[in-house]
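Heads up: numbering here begins at 1 and tracks the sequence.
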Amino acid sequence: MRSIRPLLAATGMAAALALTATGCGPEEDGAAGPAASSPAAGQGGAEIPGDLAETLKKHGVDPEKWKNGEWKNWDKDTWLREAKDFVNPVIEGMWKPERMKSAKSPTKTLAAGDISGDQGVTDPEPRPVRAEAEKTPYHQNAAPVGKVFFDAPEGSMVCSATVIKDPENPGKSNLVWTAGHCVHAGQEGGWYRNLAFVPAYNDLGKSAAALENARPQEIAPYGVYWADWVSTSGEWISDGGPTGGAGAAYDYAVMHVKPENGGKSLEETVGVALDVDFNLPEAANVEGMGAWGYPAAPPYDGLIMHKCVDRPGRLSVSPGTPTMWRIGCTMTGGSSGGGWFATQPGGKLVLVSNTSIGPVTSGWLAGPRLGAGAEEIYTAMSDKFAGQ
């Protein structure tokens with residue numbers, strides 16, 4: 001058994017949070033209710049099932065080009081939009097280190113100004129909290145955190161994400177928590193493509209110059225994991241927008257992943273996964289939250305894992321929608337989807353939210369409050385893969 005150092009220690013707060021992980025470390029050789037997607041089919045040059053080929057044709061996508069990773073027709077009318085239409089073939093070797101480094105943050109999902117309005121409950125804007133670089137190697141300090149890579153109409157994009165527990169597959173989870181806007185474009189678009197997760201990305205926290213000669217296992221110490229099923233909220237699909245929109249309070253998603261080159265489950269390989277808490281008390285009773293991620297928009301470059309710790313406040317973004325959490329933090333786009341952690345009584349670290357929106361000028365981040373809708377998505381995903 002190896003011990004992972006405390007991930008979160010809130011200044012002025014009593015508890016220091018720690019994780020204990022079992023399992024192997026990185027391979028030395030480089031190794032309105034939920035809307036659940038349908039499974040991805042095929043790998044690389046595998047035959048495309050007839051029903052999937054028909055779905056692709058219906059949306060103006062050439063099945064042969066889909067099979068080879070060539071995509072087109074990103075306009076609203078031809079995007080694969082509905083939950084049942086999600087497809088994400090494994091294309092071995094697509095996410096090479098250089099392609100990962102060139103991926104950009106989906107900055108259009110950050111709020112362009114004051115979005116608080118006067119409805120619901122909104123606390124005063126928090127003071128900025130300067131993001132702190134995580135200790136290296138990441139696999140010993142924050143193994144559950146990683147990066148999500150995907151293709152969008154604008155090019156290769158990147159978000160952050162967290163490995164979470166799977167109740168139906170204890171100790172063998174393949175579930176990853178991120179933001180809805182990291183998997184689906186919301187009301188004006190559809191599912192993103194070539195979705196893949198890399199835990200503990202850039203494990204040694206090297207600079208761009210140092211990565212020029214980095215070994216593959218330094219970039220992806222546990223390898224690349226492709227999403228074969230994704231669920232996000234119906235509210236995000238119908239109401240999510242470029243600055244969050246009315247869907248911001250429901251901006252969460254769960255991915256089920258599989259290793260690109262086969263092997264053990266994600267949790268067994270990484271050695272740790274977090275429980276998710278859907279019943280956090282009122283903000284006044286929460287001493288602190290920590291947000292983890294890989295900020296990629298200036299002044300950051302997306303290569304280094306960062307964290308912020310603050311006492312949460314509340315932000316109301318749209319009438320009739322749940323109030324969101326808000327903390328001070330200078331992380332920028334690219335940190336979207338990264339997990340927010342807190343401790344339960346007794347010191348157990350749990351995931352309680354994910355980065356959703358923030359002002360263009362940085363200074364604070366907001367994330368959805370996870371309740372019954374989020375728990376329904378999580379449970380459905382776990383049930384779907386029970387015993388697998």
Side-chain angles (χ1 to χ4, degrees), residues 32-42 48-49 51-91 94-95 103-110 148-159 161 176 178-197 226-248 250-257 333 336-337 354 356-357 368 373 377 380-381:
S37 73
S38 61
I48 300 175
D51 57 346
L52 176 56
E54 288 304 312
T55 296
L56 293 169
K57 291 176 182 177
K58 181 181 70 173
H59 291 279
V61 178
D62 184 328
E64 286 303 311
K65 290 188 176 182
W66 173 87
K67 184 171 65 174
N68 295 321
E70 301 174 36
W71 295 85
K72 62 177 183 177
N73 296 334
W74 284 88
D75 61 88
K76 183 178 179 181
D77 293 333
T78 58
W79 224 347
L80 299 179
R81 170 176 172 75
E82 301 304 322
K84 62 183 177 61
D85 292 334
F86 173 78
V87 290
N88 194 52
V90 175
I91 303 173
M94 166 171 278
W95 288 109
K104 303 174 182 179
S105 63
T107 52
K108 67 177 182 177
T109 59
L110 299 179
V148 174
F149 296 93
F150 56 95
D151 284 328
E154 299 84 1
S156 297
M157 297 289 168
V158 66
C159 277
V176 176
T178 189
H181 77 254
C182 297
V183 300
H184 192 287
Q187 62 181 330
E188 296 300 323
W191 297 106
Y192 292 127
R193 301 164 180 172
N194 303 320
L195 281 156
F197 175 62
W226 286 74
D228 58 1
W229 194 277
V230 176
S231 293
T232 187
S233 67
E235 292 92 344
W236 175 258
I237 289 177
S238 62
D239 299 323
T243 58
Y250 308 93
D251 184 14
Y252 41 73
V254 180
M255 303 193 303
H256 184 275
V257 300
S336 290
N354 57 263
S356 175
I357 54 175
I377 288 175
M381 182 70 83

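Asp251 pairs by the side chain to side chain donor-acceptor pair (under 3.5 Å) definition with His181, Ser356, not counting sequence neighbours. Taking Ala253 as the reference, Thr178, Val183, Thr232 meet the side chain to side chain contact (heavy atoms under 4.5 Å, CB included) condition, with sequence neighbours excluded.
Of all non-hydrogen atoms in His184 and Gly189, the two that sit nearest each other are CE1-O, 3.7 Å. Taking both residues in full, the closest heavy atoms of Ala185 and Trp236 are given as C-NE1, 4.2 Å, listed atom of the first, atom of the second, then distance. Pairing each heavy atom of Trp226 with each of Asn194, the nearest pair is CZ3-CA, 3.7 Å. In terms of heavy atoms, Met255 sits closest to Leu195 at SD-CD2, 4.5 Å. Here the shortest heavy-atom pairing between Ala248 and Pro368 reads O-CB, 4.2 Å. Scanning both residues, Gly373 and Tyr252, for their nearest heavy atoms gives C-OH, 3.8 Å.
For the atom pair OG of Ser238 and OH of Tyr250, the computed distance is 9.5 Å after rounding to the nearest 0.5 Å.
Paired with Val257 under the rule side chain to side chain contact (heavy atoms under 4.5 Å, CB included), one option of Asp228, Val176, Val230, Val148 passes, and it is Val176.
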